[in-house]
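Notes follow the structure.
Order of the sequence lines sets the chain letters (A, B, ...), proteins ahead of strands, with each chain counted from 1. Please read all numbers here as calculations on a predicted model, not as lab measurements.
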There are 4 protein chains.
Amino acid sequence: MLARVSSTPTFRRLPRAVREQQMLDAAVKVFSRRGYHAASMDEIADDAGISKPMVYAYLGTKEELFIACLHREGTRMMQAIAGAVAPDLSADERLWRSLRAFLGFVGAHRDGWAVLYRQARGEQPFAGEIAAMRSRMVEIVAGMLAHTLRAECREVAETELEVVAYALVGATESVADWLVDHPEADPEQTATRVMNVAWVGAAQLLAGTSWHPPTSQGEAPPDAPSAG
Amino acid sequence: MLARVSSTPTFRRLPRAVREQQMLDAAVKVFSRRGYHAASMDEIADDAGISKPMVYAYLGTKEELFIACLHREGTRMMQAIAGAVAPDLSADERLWRSLRAFLGFVGAHRDGWAVLYRQARGEQPFAGEIAAMRSRMVEIVAGMLAHTLRAECREVAETELEVVAYALVGATESVADWLVDHPEADPEQTATRVMNVAWVGAAQLLAGTSWHPPTSQGEAPPDAPSAG
Amino acid sequence: MLARVSSTPTFRRLPRAVREQQMLDAAVKVFSRRGYHAASMDEIADDAGISKPMVYAYLGTKEELFIACLHREGTRMMQAIAGAVAPDLSADERLWRSLRAFLGFVGAHRDGWAVLYRQARGEQPFAGEIAAMRSRMVEIVAGMLAHTLRAECREVAETELEVVAYALVGATESVADWLVDHPEADPEQTATRVMNVAWVGAAQLLAGTSWHPPTSQGEAPPDAPSAG
Amino acid sequence: MLARVSSTPTFRRLPRAVREQQMLDAAVKVFSRRGYHAASMDEIADDAGISKPMVYAYLGTKEELFIACLHREGTRMMQAIAGAVAPDLSADERLWRSLRAFLGFVGAHRDGWAVLYRQARGEQPFAGEIAAMRSRMVEIVAGMLAHTLRAECREVAETELEVVAYALVGATESVADWLVDHPEADPEQTATRVMNVAWVGAAQLLAGTSWHPPTSQGEAPPDAPSAG
DNA sequence: GATGAATGAGTCTTCATTCAT
DNA sequence: TATGAATGAAGACTCATTCAT
């Protein structure tokens, strides 16, 4: 009603970019706490200190909003990893540093990427996003492995390489989940353990020391599918 | 409208046990297809060819129903594994067979256990169930590892053992997820790959060939937490 | 399947009358505990140790069942009162004994008549029943008052008499409610108090010592109905 | 479809306060007509000319809505009473005017306070509210009685006073119920009758003319509790 | 730009009641 | 007689989403 004298600057009317970050912050927080479905747009808007229509205007649908969160957090994580490896390091060293950076990041933001990621895996609408993210990680890992191999003048089939890379990423994801659920765990130590179990295994494998199923006679491939 | 000729007996008014299985079948199917939240009790009831109140009467709440599904499928999976290993086999052999049985089972029921399990991991209400299931699997694996070790007269700290077991289980879970998403993949071959990557790594590790982080000078632990 | 040897007589197949009483016992109990709506036919049947269709077969609809409860408890209460007054007593004495018997009964069965009655007053479907019960009580009271008056050779308009009787019954009902909610209260003492407050007032009134509104000038009857 | 000529302004999008009153109006109406349980939120929303979610947004749960109705009507009634008594009147006069105002109010809004109150008495969830309301009324009455007594330099035990006040309030409530059920009755006349019966009784009592149970020989306190 | 007001649609859940055995 | 099996109908409550100001 009255002309408001803006001696103390109220922080309304912020530029779009800032507002968007506030919203994303709130969204990440709420999605992490409640899960995708249990999170309500109301709570997110409230938490961002903004009205609901603004959220829709800036970030779109709930689904889009969730994806935006996933992207922002994913990007941050990727940057944390990229920032930890220098291109002049040996492939092994880069491997180790990436892993450590990854688990370090997850451990430091226990309500960020990993939680959203875990949730997204269970929900269909995000299948595409998830596949894309995982592909990116698999590529990086595969690249490192390939580098190592090439350095040793060894050749491994493309497919084989990808599968191994995939397995390693999967294992690491899983450990990341575990890390989120165990706040008392030390990321660095955890990284060491993973390096030991999985990556050493991979190294062995790629070095040629592979394992083969025993050729047992007469054993049937298990699980003849029972009736539905 | 028409006088129904009851040559084929109508399947109304079935005994409880039968109906419960029908319901669980339907529930597993729908939960897998749609995801926990998107699945509606209506669709489940319809799919089971029965009215909603029966579902509530027999299996309880949606949450309880989901847990019941998880249990049934989990139990079936465990049985598939148990049926694949004979107690007189060597620990190594049992390890391999368990893994193969597990991935075989997952591959054969791509809309069963693995999908439910994956969904449950993202939702808070099922945290307890998930933890319990994983514990059971970790125990089994740890038991096998311990057996192997003891056979070789080697000792490993209890904690270390558990962590390794956990990592292996996590990796395997993750590969199971992958298997579900890749219908063209061959479970047996996939099992071999996992055995190669992860379990060979574990073997190496337990054999003493462990890996240690390089003592690099001056490198800071990454990711000084940025502002929230 | 097998012919059951009934050496120990199981108490199934009871005569109808007994079964009905069991059901009514259970119904009164559950209705009192939960209230009419919150009570479920399931719980009543369970509590009676009988299957639901039997309840319907014997006592009919939930509404009818509730009315049956109301009747049985009302009759018991009436009998308790009738048993307490001998016809050769003076009207005053009969009045006092009735009141005492009534509150005594209510106090002794705190989950019986009074609770059902109170619930019934709020729900439309029972309006008829309630009206009938109250009529019966009002009649009794009015009869006693009339007797007293006639003994004193005094005449009071029929209408006036009924209204006074009604007021007394209403007051007593209300105190009965209170008694149910105050288990520590002593029925006998409470009866004395009611006798003091209400019945003494009635006596005064009927004796001619009546009160008249002050003839104030210019005061408007309050509450000119507001909008709405 | 047609261009709506907005000569008469459509009453959509009203300010919150207005809508809340509309909703409460509708709620009181429907609760009175149907009873608490039989009333559906749908009907209330319809009757208020608004969608259900608005009702939940503004007034909360069905239970909360009912309590809000009870409060609004209770407050209105209290105000009607307060507006009828001037502080400079004698205690007797204030007593009479309060009673008249109360019954006048009840009579003028036969689907308002009294009906809700009667319903609330039967349902557990509202026990607290009811107790609070009655307490307030008992206090007022007790205050008036105390004033009268003090004016006559008489002393009565605190407890006794409260009980008498309670009895009077109970009696009045009950008569209010009756009034609601007898639309043809005249509130003013009814008030006079109550004043005669109950309050004159109280006056007698407090004046010392009390009644005592006859010391009859050999009569047992009735109703030795039967089984069950 | 920003928001209070508003809703359509849908979900879980419960319950009185009745077949078919 | 007695009951397990079965359901139609309805109700409370929530939420993502969008006008109209």
Residues from residues 56-69 of chain A sitting under 4.0 Å of DNA chain F, heavy atoms only?
A:Tyr56, A:Thr61, A:Lys62

For A:Glu123, all residues meeting side chain to side chain donor-acceptor pair (under 3.5 Å), sequence neighbours excluded:
A:His37

Please list, chain by chain and in numerical order, all residues satisfying side chain to side chain donor-acceptor pair (under 3.5 Å) with A:His71, sequence neighbours excluded.
A:Glu129

Quick check against the 3.5 Å criterion: does C:Gln119 have a side-chain atom that pairs as donor or acceptor with the backbone of C:Tyr36?
yes

Rounded to whole Å, how long is the line connecting atom CD of C:Gln22 with atom C1' of F:dA2?
14 Å

Using the test salt bridge (charged side-chain N to carboxylate O under 4.0 Å, His left out), find all partners of C:Arg33 that sit at least two apart in sequence or belong to another chain.
none

Taking for each residue the nucleotide of DNA chain F with the nearest heavy atom, is it C:Ile50 or B:Gly49 whose nucleotide lies nearer the 5' end?
C:Ile50

Taking only residues two or more places apart in sequence or in another chain, which ones pass side-chain contact (heavy atoms from CB on, under 4.5 Å) with A:Ala27?
A:Phe31, A:Ile44, A:Leu65, A:Cys69

Do any pairs count as a salt bridge (Lys or Arg N to Asp or Glu O under 4.0 Å) and have a residue in residues 40-49 of chain D, sequence neighbours left out, and if so which ones?
D:Lys29-D:Asp47, D:Arg34-D:Glu43, D:Asp42-D:Lys52

Contacts satisfying ring-ring contact (aromatic ring centres under 6.0 Å, His included) that involve residues 43-64 of chain A (not counting sequence neighbours) are none

Side chain of A:Lys52, base of F:dT17: donor and acceptor closer than 3.5 Å?
yes

Whole-Å distance separating the CG atom of D:Leu14 from the C1' atom of F:dT21:
13 Å

Give DNA chain F the dot-bracket treatment, 5' to 3': Watson-Crick (N1-N3 with N6-O4 or O6-N4) or G-U (N1-O2, O6-N3) under 3.5 Å, [ ] crossing, | other strand.
.||||||||||||||||||||

For DNA chain E, determine which residues of residues 28-48 of chain C have any heavy atom closer than 4.0 angstrom to one of its atoms, and list them numerically.
C:Ala39, C:Ser40, C:Met41

Please tell me which of the listed nucleotides, F:dG8, F:dC15, E:dA20, lies nearest to the side chain of D:Pro53?
F:dC15

Assign the ring pair A:Phe66 / A:Phe126 to parallel, tilted or perpendicular, where the plane angle (0 to 90°) is split at 30° and 60°.
tilted

Residue-phosphate contact under 4.0 Å: D:Arg19 side-chain N/O, E:dG4 OP1/OP2
no

Who pairs with C:Arg118 by side chain to side chain donor-acceptor pair (under 3.5 Å), at least two apart in sequence or on another chain?
C:Asp181

So which pairs with a foot in residues 53-67 of chain A pass salt bridge (Lys or Arg N to Asp or Glu O under 4.0 Å), sequence neighbours left out?
none

For C:Arg72, what residues pass the salt bridge (charged side-chain N to carboxylate O under 4.0 Å, His left out) criterion, not counting sequence neighbours?
C:Asp25

Rounding to a whole Å, what distance do you find between A:Met23:CE and E:dG1:C1'?
11 Å

